[in-house]
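Here is the structure we will look at, set down as structure tokens.
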Amino acid sequence: MKLQIFPVCNFTLKYTLAKFMRFAIAAIVSILILSTSIKVLSQHSFGNQRSQCEATLTTIDKNTRITLRQGPGMDYRSNGYGLVGDRGYILTVIPPDIDYKKDRQGYGWYRVGFPKSGLSGWIREDFLRVKCTQIND
């Protein structure tokens, strides 16, 4: 014979476990949705700033970090870095013209956006391999 001293506790325990399971499932679903949203947001397209030109980071030393600058020149602060092989887009303010400027030392700089990280900034042209597609008018 099974003796139940506190039959109310058994009901409360089942109710609490059921409530916990619903909460746990909701939490897992929320995490999955959030992680998917973060991946989608991290695939930045740069909208109307994107030109017809793609850029790939390149340099002789494959282990070099290539600095992304806040402006076109070494005097500007770092906005992050990329690695050899990272791909992005040359950006534009007024299509089809691309954002390209020369600094005081005569180096050319492109404004580049990276869709995986969502970062954008200026990179010296000798660290980029640029490929543009023809616009048909």
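For this chain, numbers begin at 1 and follow the sequence in order. Side chains included, hydrogens not; waters and symmetry mates left out as well; all remaining heavy atoms used.
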*Report yes or no: does Ser117 contribute a side-chain atom to a donor-acceptor pair with the main-chain N or O of Leu119 at less than 3.5 Å?*
yes
*Which heavy atom of Pro115 sits nearest a heavy atom of Gly88, and at what distance?*
CD-CA, 3.9 Å
*Within a strict 4.5 Å, meaning less than it, do heavy atoms of the Pro72 and Asp103 side chains meet?*
no
*Going from NZ on Lys131 to OG1 on Thr56, what distance comes out if it is rounded to the nearest 0.5 angstrom?*
9.0 Å
_Listed once per pair and sorted, the disulfide (SG to SG under 2.5 Å) pairs that draw on residues 51-130, sequence neighbours left out_ = Cys53-Cys132
*asked:* Taking the cut-offs as 6.0 angstrom to the six-membered ring centre and 45 degrees off its axis, would you call Arg65 and Tyr81 a cation-pi pair?
replied: yes
*Should Val130 and Phe114 be regarded as members of a common hydrophobic cluster, given that ILVMFWY residues are connected when their side-chain heavy atoms come within less than 4.5 Å of each other, either directly or indirectly?*
yes
*Point-to-point distance, once rounded to the nearest 0.5 Å, from OG1 of Thr59 to CG of Asp126*: 8.0 Å
*Gln52 CD to Ile90 CD1 distance, which is reported to the nearest 0.5 Å*: 10.0 Å
*Taking the side chain as C-beta and beyond, is there a heavy-atom pair between Arg111 and Gln49 under 4.5 Å?*
yes
_Against Tyr110, only a single residue in Tyr89, Tyr100, Trp122, Phe127 fulfils ring-ring contact (aromatic ring centres under 6.0 Å, His included); can you say which?_
Tyr100
*Tell me, do Val84 and Leu57 make a side-chain contact under 4.5 Å, heavy atoms counted?*
no
_With Asp75 via salt bridge (charged side-chain N to carboxylate O under 4.0 Å, His left out) - residues at least two apart_ = Arg104
_Thr67 side, atom OG1; Ile123 side, atom CD1 - distance, nearest 0.5 Å_ = 8.5 Å
*Ignoring hydrogens and geometry, is there a side-chain-to-backbone donor-acceptor pair from Arg124 to Trp109 under 3.5 Å?*
no
_Pairwise side-chain contact, Arg69 with Met74, heavy-atom cut-off 4.5 Å (strictly under)_ = yes
*Spacing of Ile66 atom CD1 and Leu128 atom CG [to the nearest 0.5 Å]*: 7.5 Å
*Do the non-hydrogen side-chain atoms of Ser120 and Leu91 ever get within less than 4.5 Å of each other?*
yes
